[in-house]
Amino acid sequence: MKLYLSSYRLGNQTEKLISMVSNNKRAAVIFNALDFSSDLDIKQSTIDREIHDLSEIGLEPEEFDLRPYFVNPESLKKEISRFGLIWAIGGNTFVLRRAMSQSGFDEFLIENRNNDTLVFAGYSAGACVLAPTLRGIDLVDDPQISPEGYESNVIWEGLSLINFSIAPHYKSDHAESELVGKTIEYFIENKILFKALRDGEVIVIK
């Protein structure tokens, strides 16, 4: 599986992203990191913005909600396999991690880690969940938030699809930038391997 991990939105290497995608240009937009929000208008406008951005670079995006698969995780694999690109947007990392677990999406990604025809891309929370651990991210995102239909347990383990943690919005014009500085301090104090990304920067793993 190829990875395109951004600090914020598409980042500055969209040409590489396009080159990573196979002939299957369909893109699943995973927006469940925003399920904590009660402002449905802002949530939908964010989703619409992401779909617009992906369409502008020649992809064929559509919303993909993980929640319907909470009751039948096995059915997710067939549906998500229709896409050549998965785009996981930012929000609350712990909410997204729960959604991945309850839907079986985490198992799908782990099973497809050696699938070179699939691209997983995302930013902020969508990138942070791939790390071995989510500890330190709780200094930015509230791990206790549990939207309706979600289990209340906190999942501290990431997917371990990368061997380091990600600190997005580092020294950037972003509301969370100052808190991310505390996350970096935590990583250093606890000897957690990490990479800090400024908004616009991207990590590409082919």
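Values in this document were obtained by computation on a predicted structure and should not be read as measured data.
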Ignoring hydrogens and angles, tell me if any N or O in the side chain of N92 forms a donor-acceptor pair with the backbone of V95 under 3.5 Å. yes
side-chain hydrogen bond (donor to acceptor under 3.5 Å, both in side chains) filter on E107, not counting sequence neighbours, yields none
Is there a donor-acceptor pair closer than 3.5 Å between any side-chain N or O of E50 and the backbone N or O of I47? no
What pair of heavy atoms forms the shortest contact from T133 to S165, and how long is it? O-OG, 3.7 Å
First locate atom CD1 of I145, then atom OG1 of T93, and finally report the distance between them rounded to the nearest 0.5 Å. 10.5 Å
Quick check on the hydrophobic clustering: are F164 and F187 connected, directly or via other members, by side-chain heavy-atom contacts under 4.5 Å? no
Output yes when a side-chain donor or acceptor of S101 lies under 3.5 Å from a complementary backbone atom of R98, and no otherwise. no
Smallest heavy-atom separation, Y4 atom then G11 atom, equals OH-C, 4.2 Å
Is there a donor-acceptor pair under 3.5 Å between the side chain of D141 and the backbone N or O of F94? no
Is there a donor-acceptor pair under 3.5 Å between the side chain of N32 and the backbone N or O of A99? no
Search all heavy atoms of A167 against all heavy atoms of I184 and return the closest pair with its distance. CB-CG1, 3.7 Å
Between T117 and N115, a side-chain donor and acceptor under 3.5 Å: yes
Is it true that a side-chain atom of R113 and a backbone atom of I110 form a donor plus acceptor pair closer than 3.5 Å? no
Answer with yes or no whether the hydrophobic clustering places L193 together with V129; edges join I, L, V, M, F, W, Y residues whose side-chain heavy atoms lie under 4.5 Å apart. yes
Here the gap from E74 atom CD to Y69 atom OH, rounded to the nearest 0.5 Å, amounts to 13.0 Å
Rounded to the nearest 0.5 Å, how far apart are OG of S124 and CD1 of I89? 10.0 Å
Does some side-chain heavy atom of R67 sit less than 4.5 Å from a side-chain heavy atom of Y150? yes
Any chance you could lay out the side-chain contact (heavy atoms from CB on, under 4.5 Å) test for L85 and L17, step after step, and finish with the verdict? CA-CA 10 Å; L85 170 73; L17 176 60; 4.1 Å; yes
Should I80 and L3 be regarded as members of a common hydrophobic cluster, given that ILVMFWY residues are connected when their side-chain heavy atoms come within less than 4.5 Å of each other, either directly or indirectly? yes
Residue E62 excluded, over 12 heavy atoms near CD under 6.0 Å: yes
Could you grab the distance from atom CG of L109 to atom CG of L130, nearest 0.5 Å is fine? 7.5 Å
Count I, L, V, M, F, W, Y as connected when their side-chain heavy atoms are under 4.5 Å apart, and connections chain through other members. Are V119 and L54 then in the same cluster? yes
Verify, without hydrogens or angle tests, whether S177 (side chain) and K171 (backbone) share a donor-acceptor contact under 3.5 angstrom. yes
Note: K206 and S19 closest approach over all heavy atoms is NZ-OG, 4.1 Å
Using the rule given for salt bridge (Lys or Arg N to Asp or Glu O under 4.0 Å), can you reason through E157 versus R97, listing the C-alpha separation, both sets of side-chain angles and the distance that settles it, and then say yes or no? CA-CA 9 Å; E157 298 80 18; R97 182 66 184 91; 5.9 Å; no
To the closest 0.5 Å, what do you measure between CG (L179) and CG (L139)? 8.0 Å
Give the intermediate values and the outcome of side-chain contact (heavy atoms from CB on, under 4.5 Å) for residues L197 and V202. CA-CA 7 Å; L197 291 177; V202 176; over 6 Å; no
Inspect the surroundings of CG in N72 and state if more than 12 heavy atoms from other residues, nucleotides or ligands are less than 6.0 Å away. yes
Check whether S172 reaches the backbone of D199 with its side chain - one donor and one acceptor, N or O, closer than 3.5 Å. yes
Quick check: does any side chain N or O of R9 sit under 3.5 Å from a backbone N or O of Y123, one acting as donor and the other as acceptor? no
Does E60 use its side chain to pair, donor to acceptor, with the backbone of A27 at less than 3.5 Å? no
How about NZ on K182, more than 12 heavy atoms from neighbouring residues, nucleotides or ligands closer than 6.0 Å, or not? no
Same cluster for M1 and I86 if Ile/Leu/Val/Met/Phe/Trp/Tyr side chains link at under 4.5 Å? yes
Closest approach of P61 and V29, non-hydrogen atoms and distance? CB-CG2, 3.9 Å
Apply side-chain contact (heavy atoms from CB on, under 4.5 Å) to L5 and I162, showing your working. CA-CA 11 Å; L5 309 178; I162 53 179; 4.2 Å; yes
About how many Å separate CD1 of I203 and CD1 of I166, when rounded to the nearest 0.5 Å? 4.5 Å
Report the residue from R49, K43, Q44 that forms a side chain to side chain contact (heavy atoms under 4.5 Å, CB included) with T46. R49
Using every non-hydrogen atom in the two residues, find where S7 and G200 come nearest and quote the distance to one decimal. CB-N, 4.4 Å
I'd like to know whether F120 forms a side-chain contact (heavy atoms from CB on, under 4.5 Å) with L159, so could you lay out the CA-CA distance, the side-chain angles of the two residues, the decisive distance to 0.1 Å, and finally the verdict. CA-CA 13 Å; F120 180 91; L159 302 190; over 6 Å; no
Checking F108, F83, F31 against F64 for ring-ring contact (aromatic ring centres under 6.0 Å, His included), the one that qualifies is F83
